[in-house]
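The chains referred to below are lettered A, B, ... by the order of the sequence lines, with proteins before strands, and numbering in each begins at 1.
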Protein chains: 2
Amino acid sequence: MTRTASNAATAEPDASSAAASGVEVGDNSLDQLIGYNLKRVYILLQMDFREALAADDLSARVFSALSVTVEHPGISQSDLARQLGIERSGLVAIVDLLEQRHLVQRVAVPGDRRVQALHPTDAGRETYARALATVHRHEEAFFDMVTPQERDQLLAILRKIRRTAE
Amino acid sequence: MTRTASNAATAEPDASSAAASGVEVGDNSLDQLIGYNLKRVYILLQMDFREALAADDLSARVFSALSVTVEHPGISQSDLARQLGIERSGLVAIVDLLEQRHLVQRVAVPGDRRVQALHPTDAGRETYARALATVHRHEEAFFDMVTPQERDQLLAILRKIRRTAE
DNA sequence: CCGGGATTGTTTAGCTGCTAAACTGTTATA
DNA sequence: TATAACAGTTTAGCAGCTAAACAATCCCGG
């Protein structure tokens, strides 16, 4: 600050170039970038998702951990972390939460005293079933401006990218 | 804790259900969810993006702010925040950074002493041009497993979602 | 012309969701 | 049996946001 603009950087900044009026949205290079649009859509989706799963008091991360645990009972935390693409250290808090809420149990494995196998409880399975239904309804609603074909295309493309880049 | 699993929740957790072996990846309900795949792809993209723009020492957020400023010289911080979909308070640090690096200037506006119009410097325009080229090359490389048609489809779908949901 | 309300930029505190590094206990292997 | 590898955990820290409060300034109705 202090320096109140004059010969500072060439092209005289006269504060009259584009501002003042409305600044219409949607005419940026950003809007031509897949990455930027992906980010914006992801943010929208997360907000919606949070709201949708608020009833079951589940965040996206906790939901995904519960999902894999229910569908792979007995999975180790290391394998779960690998599957979710996060660090083992980051998973601890998530499993702590699931265990506190009696949705998942850490069970000692006879053969190997290092690993804690994760098993869903009945409540865990029920909560998951309910939450999954909610999520499906949520996706239906969120993507309702997109045709079923486009939804299929979107999913297929995203999966293709993951398969290659992951 | 303390309660070491026994009759805790019904179905006896015997730690032999699915673990132990390999736990193949890709057979979860999660992988059928657009939202989850979107998240994973977004994370991959962000990692790649960070690396690509490390040369110019720009994060995604700073790059996007610079982009809009260059393409809308004289824009106010409030309008910029609106355009980027973030809070004004969150933008302050970004603009601070851009100004410290002499890529953007805050310029007092004669008519309204509240607003600080943002103007790119020559260095800002140059850096942006270089970074934008880098980003384009990055997107080419990142999405090279996806056909040009699929890329167009992806972009179109994402933009459609934003147009409606935003 | 003046007083209430809106707006701009800003600071501060706090949240979420991660990682990286270090550590313990345990198992596998050379 | 020493050494490496692995599982889970704790701690510290970062990025990238939001929400709330605030001062300065502008706008507008009466």
Side-chain angles (χ1 to χ4, degrees), chain A residues 1 15 19-20 22-23 36 39-40 42-47 49-51 53-54 57-65 74-99 104-118, chain B residues 1 15 19-20 22-23 36 39-40 42-44 46-47 49-51 53-54 57-65 69 74-99 104-118:
Chain A
M1 337 128 186
V23 185
Y36 186 72
K39 176 179 187 171
R40 295 293 295 261
Y42 166 67
I43 291 170
L44 289 171
L45 198 66
Q46 280 289 102
M47 283 170 37
F49 198 95
R50 184 180 308 278
E51 198 176 330
L53 248 56
D57 199 26
L58 291 175
S59 59
R61 49 211 296 271
V62 171
F63 168 78
S64 61
I75 195 172
S76 71
Q77 290 188 209
S78 287
D79 282 345
L80 178 52
R82 252 187 298 277
Q83 193 113 340
L84 295 176
I86 63 175
E87 292 296 314
R88 278 173 304 150
S89 59
L91 188 61
V92 174
I94 299 175
V95 175
D96 283 352
L97 215 138
L98 284 169
E99 201 172 40
V104 156
Q105 293 177 257
R106 285 176 168 101
V107 178
V109 169
D112 190 336
R113 279 188 292 175
R114 289 171 301 181
V115 4
Q116 304 261 69
L118 300 178
Chain B
M1 347 127 181
V23 183
Y36 186 73
K39 175 179 187 171
R40 295 294 294 261
Y42 166 67
I43 291 170
L44 290 170
Q46 280 289 101
M47 284 170 37
F49 199 96
R50 185 179 305 279
E51 197 176 331
L53 249 55
D57 198 28
L58 291 175
S59 59
R61 50 211 294 272
V62 172
F63 168 78
S64 61
T69 304
I75 195 173
S76 71
Q77 289 187 210
S78 287
D79 282 344
L80 179 52
R82 253 187 297 275
Q83 193 113 341
L84 295 176
I86 63 176
E87 292 296 314
R88 279 172 302 147
S89 59
L91 187 61
V92 173
I94 300 176
V95 174
D96 283 352
L97 216 138
L98 284 169
E99 200 172 40
V104 156
Q105 292 176 258
R106 285 178 167 101
V107 178
V109 168
D112 191 335
R113 277 188 295 176
R114 287 172 304 179
V115 6
Q116 304 264 68
L118 300 177

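- Side-chain atoms of Asp112(B) lie closest to dT25(D) of the nucleotides dT25(D), dT18(D), dT11(C).
- You'll find that the side chain of Gln116(A) is closest to dT9(D), out of dG17(C), dT9(D), dG16(D).
- Below the 3.5 angstrom threshold, one finds a donor paired with an acceptor across the side chain of Ser89(B) and the base of dA19(D).
- Of all non-hydrogen atoms in Ser64(A) and Tyr36(B), the two that sit nearest each other are CB-CE1, 4.0 Å.
- Under 4.0 angstrom from either OP1 or OP2 of dT11(C) there lies no side-chain N or O belonging to Arg88(B).
- Within the structure, every side-chain polar atom (N or O) of Arg113(A) is placed at least 4.0 Å from both OP1 and OP2 of dA7(D).
- The separation between Phe63(A) atom CZ and dG17(C) atom C1' is 18 Å, rounded to whole Å.
- Side-chain nitrogen and oxygen atoms of Arg106(B) include none within less than 4.0 Å of the OP1 or OP2 phosphate oxygen of dG9(C).
- Comparing Gly90(A) and Gly90(B) along DNA chain C, the residue whose closest nucleotide (by nearest heavy atom) sits nearer the 5' end is Gly90(B).
- Residues Asp79(B) and Arg88(B) are not paired through a salt bridge, judged by the lack of any N-O separation under 4.0 Å between the basic side chain and the carboxylate.
- Summarising the geometry, the separation between CZ on Arg82(A) and C1' on dT19(C) is reported as 17 Å, rounded to the nearest angstrom.
- Summarising the geometry of Arg40(A) relative to Leu84(B), their closest heavy-atom pair is NH1-O, 3.2 Å, with the distance given to 0.1 Å.
- Nearest-nucleotide positions on DNA chain C for Glu87(A) and Asp96(B) put Asp96(B) closer to the 5' end.
- Of the residues Asp57(B), Val95(B), Leu98(B), the one that meets the side chain to side chain contact (heavy atoms under 4.5 Å, CB included) test with Val62(B) is Leu98(B).
- Side chain of Arg114(B), nearest nucleotide from dC26(D), dT27(C), dT10(C): dC26(D).
- When rounded to the nearest whole Å, the span between CZ of Phe49(B) and C1' of dG16(D) equals 15 Å.
- Following rounding to the nearest Å, Arg40(A) (CZ) and dG16(D) (C1') show an atom-to-atom distance of 14 Å.
- Taking atom CD1 on Ile75(A) and atom C1' on dG8(D), their separation rounds to 15 Å, with Å as the unit.
- Taking every heavy atom of both residues into account, Ile94(B) and Ala65(B) meet most closely at CG2-CB, 3.6 Å.
- Atom-to-atom, CG of Leu91(B) to P of dA19(D) comes out at 16 Å; the value is rounded to the nearest Å.
- Not one side-chain nitrogen or oxygen of Ser76(A) sits closer than 4.0 Å to the OP1 or OP2 atom of dA7(D).
- Following rounding to the nearest Å, Leu58(A) (CG) and dG17(C) (C1') show an atom-to-atom distance of 16 Å.
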(Q) Apply side-chain contact (heavy atoms from CB on, under 4.5 Å) to residues Leu118(A) and Gln105(A) and explain how you reach the verdict. (A) CA-CA 6 Å; Leu118(A) 300 178; Gln105(A) 293 177 257; over 6 Å; no
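- Side-chain proximity of Ser59(B) to dT8(C), dG16(D), dA7(D): nearest is dG16(D).
- For the pair Gln77(B) and dT7(C), the criterion of a side-chain N or O lying under 4.0 Å from OP1 or OP2 is not met.
- For Ser78(A), a side-chain nitrogen or oxygen approaches OP1 or OP2 of dG8(D) to under 4.0 Å.
- Per the geometry, OH belonging to Tyr42(B) stands 7 Å off P belonging to dC17(D), to the nearest Å.
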